[in-house]
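Below is one structure, written out as structure tokens, with a few remarks after it.
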Number of protein chains: 2
Amino acid sequence: MVDGLDRIRCDCSVIHGDTVNQVKAMMPEEEKLYDLAELFKVFGDSTRIKILWALSESEMCVCDLAFLLNMTQSAISHQLRLLKQSRLVKNRKEGKVVFYALDDIHVKQIFGQGMIHVQEK
Amino acid sequence: MVDGLDRIRCDCSVIHGDTVNQVKAMMPEEEKLYDLAELFKVFGDSTRIKILWALSESEMCVCDLAFLLNMTQSAISHQLRLLKQSRLVKNRKEGKVVFYALDDIHVKQIFGQGMIHVQEK
DNA sequence: ATAACACATGAATATTTATTCAACTGTTCA
DNA sequence: TGAACAGTTGAATAAATATTCATGTGTTAT
């Protein structure tokens with residue numbers, strides 16, 4: 001039931017024990033919360049935020065993004081790979097050019113909620 | 001107008017130039033996007049996600065959180081400082097004990113949008 | 001006063017990660 | 001065929017950061 005790695009409960013914790021145990025019982029799976037953190041981590045970089053913002057306005061190729069953000073194609077490409085792995089962007093190839101676009105309707109909504117928080121002072 | 005650090009536009013970019021320039025003109029301030037990334041960065045750690053989730057269920061003291069997440073009080077305290085700086089949690093002191101609670105109605109909404117994305121396979 | 005407790009904090013360590021650089025793939029065009 | 005271009009990728013470097021450890025602050029109770 002209790003393995004050796006668990007923390008000893010402090011006196012304070014014992015006092016509020018019932019509430020804490022109820023919350024513990026309701027806690028989502030470890031993995032689900034981990035995945036959620038991983039998702040937000042992808043949003044937590046200004047380069048990727050700029051890319052996502054740009055793609056929320058228009059589909060774009062890699063060199064367009066590089067020009068827009070004033071960064072190297074390589075740097076942009078690395079970040080696009082991450083964004084694609086997270087299923088936040090998709091791409092289509094047209095000759096030499098690869099166009100990227102948002103791959104999720106939720107992106108704009110997550111974005112929007114964040115903006116509201118940031119804009120409140 | 002163009003400083004020496006700007007990227008040279010590739011041929012591709014010149015071709016789609018109008019669209020890209022329009023998007024560039026609409027781009028939010030550098031600082032605003034940076035702040036947005038900083039906000040998401042706070043969500044982008046599984047320890048902080050767990051703390052935020054727990055506090056979305058109930059107000060809690062530091063040692064409750066330490067017990068719940070099976071981590072040291074110190075580690076929790078460090079993360080709570082970050083969360084407070086981002087105005088995502090607030091605290092009130094009652095004797096020796098410091099109770100933390102969510103400080104923003106948007107937290108749950110940002111959380112929810114993220115969950116929806118994660119749960120779609 | 002002093003001991004115990006809840007929490008905060010600074011420095012150190014270890015890990016993660018963003019960007020750069022160089023090399024490589026695949027496509028177009030002359 | 002080969003040169004130019006768009007993009008990708010792996011390794012290296014530099015910077016950011018999560019946790020630990022030791023110590024410090026403020027409160028309560030004896």
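Chain letters run A, B, ... following the sequence lines, proteins first and then strands; every chain starts at 1.
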Atom-pair distance ([atom1] on [X]; [atom2] on [N]), nearest Å:
X	N	atom1	atom2	result
A:Leu65	D:dT8	CG	C1'	15 Å
B:Asp64	C:dC5	CG	P	16 Å
B:Gln73	C:dT9	CD	C1'	14 Å
B:Phe99	C:dA6	CZ	C1'	11 Å
A:Arg81	D:dT9	CZ	C1'	7 Å
B:Asp45	D:dA16	CG	P	17 Å
A:Ile76	D:dA6	CD1	P	15 Å
B:Met60	C:dC7	CE	P	12 Å

Select one nucleotide: of [options], the one nearest the side-chain heavy atoms of [X].
X	options	value
A:Arg48	C:dA18, C:dA6, D:dA6	C:dA18
B:Val97	C:dC7, C:dC5, C:dA8	C:dC7
A:Val98	C:dC7, C:dT20, D:dG7	D:dG7

Discussion item. Just to be sure I understand the rule, does A:Leu80 reach a base, reach only the sugar-phosphate, or reach nothing, if contact means heavy atoms closer than 4.0 Å?
Written reply: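 Since no nucleic acid heavy atom lies under 4.0 Å of A:Leu80, the category is nothing.
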Worksheet item: What does A:Lys41 touch in the nucleic acid at a heavy-atom separation under 4.0 angstrom: a base, only the sugar-phosphate, or nothing?
Response: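 If one applies the 4.0 Å heavy-atom cut-off, A:Lys41 turns out to touch the sugar-phosphate alone, with no base involved.
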Item to complete: Give a yes/no verdict on base stacking between C:dT9 and B:His78: centres under 5.5 Å, planes within less than 30° of parallel.
Response: yes
Worksheet item: Does B:Gln79 or A:Ala75 map to a spot on DNA chain D nearer the 5' end, using the closest nucleotide for each?
Response: A:Ala75
Worksheet item: Would you say D:dA6 has OP1 or OP2 under 4.0 Å from some side-chain N or O of A:Tyr100?
Response: no
Discussion item. I want to confirm an ordering. Mapping A:Gly44 and B:Val62 to their closest nucleotides on DNA chain C, which one lands closer to the 5' end?
Written reply: B:Val62
Worksheet item: Within a strict 4.5 Å, meaning less than it, do heavy atoms of the B:Gln79 and B:Met71 side chains meet?
Response: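 With C-beta onward as the side chain, the pair stays apart.
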Discussion item. Using only atom types and a distance under 3.5 Å, with no angle test, would you say the side chain of B:Ser77 pairs donor to acceptor with the backbone of B:Ser74?
Written reply: no
Worksheet entry | Ring geometry between B:Phe111 and A:Phe40 (parallel below 30°, tilted from 30 to 60°, perpendicular above 60°) |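 Geometry flag for B:Phe111 against A:Phe40: tilted rings.
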Discussion item. Ring of A:Phe67, cation from B:Lys24 - is the NZ or CZ under 6.0 Å from the centre and inside 45° of the axis?
Written reply: yes
Discussion item. If you go through the side-chain atoms of B:Ser74, does one of them form a donor-acceptor pair with the base of D:dC21 closer than 3.5 Å?
Written reply: yes
Worksheet entry | Quiz item: A:Thr47 side-chain donor-acceptor pair to C:dT19 base, under 3.5 Å | no
Discussion item. Taking B:Leu82 as the starting point, is it possible to reach B:Phe99 by hopping between hydrophobic residues whose side chains are less than 4.5 Å apart?
Written reply: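 The answer is no; the residues belong to distinct hydrophobic clusters.
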